[in-house]
Every structure is written in C-alpha cells, then in structure tokens.
Amino acid sequence: EIISLFAEWICSLPPKELAQRKFEKDIIGSIHSDDTFIIFNYTKTVEDMFGGMHPEVFFHIHGISTDSRSIIVGHNCKSKSKLTNLDNEEQYIDESYAYLYKNPEAVIKNNEDLWNRLSNASSLDVYEYGWSCSEVDIDYVNKIAEILKAHGNNAHLFLNDFGGEGELKRSRWIDCGVNPDIISLYSEDSSAIHIY
C-alpha cells in the first residue's frame, strides 16, 4: 500500500518550473543524440528542459511518474530482511522498512540496454549532477565505475562539488577502482563553470 501511495503522490506532483542555470546552458545544453541521461528521480524534468531529444537517450532506471506501474520505490537497505514474527514495535518497523527495499541488483540487470550503450561508446564523459554518490548508491557507482575502467583513458568523470562534497564523491569513486586521473570536480556560479 505504501508503494502504491508513493507512486500516486509522485504522479500528482505539479511540473517543476524550469530555470536553466549555467551548467544546463553550457554543458547539458550542448548534448548530442548519442548522449545518455541516467535519471533516478521519477520525473520528466530533464526531458522537458531539453525538449526535442530522442526519448531513447533517457533512462529512468527507477521508473517514471507518467507510468505509476513502472515506479520502483524504496531504499538500498540490504541489512534489513523481512521478518516472520512481529513481537514488538521495532520488528514491525523493520518489517515495513524491508518492504520498501529497492533491489539495485535487479534494477541494474533490468537496464542492460543502458549499460551496453555506455560500454559500446568510443569514449565516455560522465557528468554527475545532483547525485550524492552515497553508500546507498554503491551498486550503481560500482556498475558505472566498471564501465569507466573498461574505457581506460578514453573516459572522464566530472563530479559536481555542490556543497563541498566533491572530494568525498571522488574518494568513493576511487575506492571503486576508478583511476583518479580521469576524475575532475566542477562547481558553478552564475557566470561560469569551474573545472579542477
């Protein structure tokens, strides 16, 4: 029931007001038909912002709000497991939480077209924008890291340093085996993008 209500809520949200910032205008604004967008947030904001792109460049790996049946709700919480005996409140909460487990292995498996597209690119520039790259996302970070490593020096990873989190993100990717030489941080202000 929680999953159904969440999907209903996502589908009822009004469209976001789109105001392009420097990043969107300069980097994403120069997108090509062979570019790929991996979208985690259920919305069509990116498509709306860059209308006219071919729909096959957008991969909503957790589903899309226009199709509530496609929405995958939950969090990567592998340490939780479904209980069969609910003796106390804590167990009941654990049981409810377990039902909201998002299975990243299944999501990765169900998006083979995406991974093949990235793997078969002649070169690969990855721009992370609005993604914490946190521990709960480690399965996705590992999958993309695997593809970056296979591309060797024909790959580059740009991490958004929003909120000063860039170095933490960089260390997470290095821990996943990505060559630090292909990682750059970037930040933006109202007039420029700074890559370092």
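For the numbers below, each heavy atom of this structure counts, side chains included, while hydrogens, waters and symmetry mates do not.
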Check whether any side-chain heavy atom of K149 lies under 4.5 Å from a side-chain heavy atom of N179, and answer yes or no. no

Side chains of E47 and I39 in contact at under 4.5 Å (non-hydrogen atoms): yes

Mind checking side-chain contact (heavy atoms from CB on, under 4.5 Å) for E8 and listing every partner two or more places apart, or none if nothing turns up? L5

Across all chains, not counting sequence neighbours, the side-chain contact (heavy atoms from CB on, under 4.5 Å) partners of N154 are S123

What distance separates [X] [atom1] from [Y] [atom2], expressed to the nearest 0.5 Å?
X: H60; Y: I38; atom1: NE2; atom2: CD1; result: 12.0 Å
X: N103; Y: I108; atom1: CG; atom2: CD1; result: 9.0 Å
X: Y186; Y: N160; atom1: OH; atom2: CG; result: 4.0 Å
X: D161; Y: S187; atom1: CG; atom2: OG; result: 6.0 Å
X: L157; Y: E128; atom1: CG; atom2: CD; result: 8.0 Å

Do any pairs count as a salt bridge (charged side-chain N to carboxylate O under 4.0 Å, His left out) and have a residue in residues 54-72, sequence neighbours left out, and if so which ones? D67-R69

Summary of salt bridge (charged side-chain N to carboxylate O under 4.0 Å, His left out) pairs that have at least one residue in residues 172-181, sequence neighbours excluded: E135-R172

Over all heavy atoms of both residues, which pair between [X] and [Y] is shortest? Give the atoms and the distance, please.
X: G152; Y: I182; result: O-CG2, 4.1 Å
X: V178; Y: A145; result: CG2-CB, 3.5 Å
X: S65; Y: T43; result: OG-CA, 4.2 Å

Report the C-alpha distance between I64 and I71 in whole Å, list the side-chain angles of each, state the deciding distance to 0.1 Å, and finish with yes or no for side-chain contact (heavy atoms from CB on, under 4.5 Å). CA-CA 6 Å; I64 179 73; I71 293 178; over 6 Å; no

Check ring pair (Phe, Tyr, Trp, His ring centres under 6.0 Å) between [X] and all other residues, then give those that pass, not counting sequence neighbours.
X: F158; result: Y127, H156
X: H151; result: none
X: F59; result: none

Let me see the working for C133 and Y140 under side-chain contact (heavy atoms from CB on, under 4.5 Å), right down to the final yes or no. CA-CA 9 Å; C133 308; Y140 304 119; over 6 Å; no

Using the rule that Ile, Leu, Val, Met, Phe, Trp and Tyr join whenever any side-chain heavy atoms are under 4.5 Å apart, tell me whether [X] and [Y] fall into a single cluster.
X: Y196; Y: F162; value: no
X: F40; Y: I138; value: yes
X: V126; Y: I61; value: yes
X: L185; Y: L168; value: no

Please list, chain by chain and in numerical order, all residues satisfying salt bridge (Lys or Arg N to Asp or Glu O under 4.0 Å) with [X], sequence neighbours excluded.
X: E167; answer: R170
X: D35; answer: none
X: E146; answer: K143

List the steps, then state whether side-chain contact (heavy atoms from CB on, under 4.5 Å) holds for T66 with K44. CA-CA 8 Å; T66 54; K44 293 190 82 174; 3.8 Å; yes

Using side chain to side chain donor-acceptor pair (under 3.5 Å) as the criterion, list what pairs up with W131, not counting sequence neighbours. D137

Would you list the pairs meeting side-chain hydrogen bond (donor to acceptor under 3.5 Å, both in side chains) in which at least one residue belongs to residues 109-122, sequence neighbours left out? T36-R117

Backbone N or O of L159 within a donor-acceptor pair of the Y129 side chain at under 3.5 Å? no

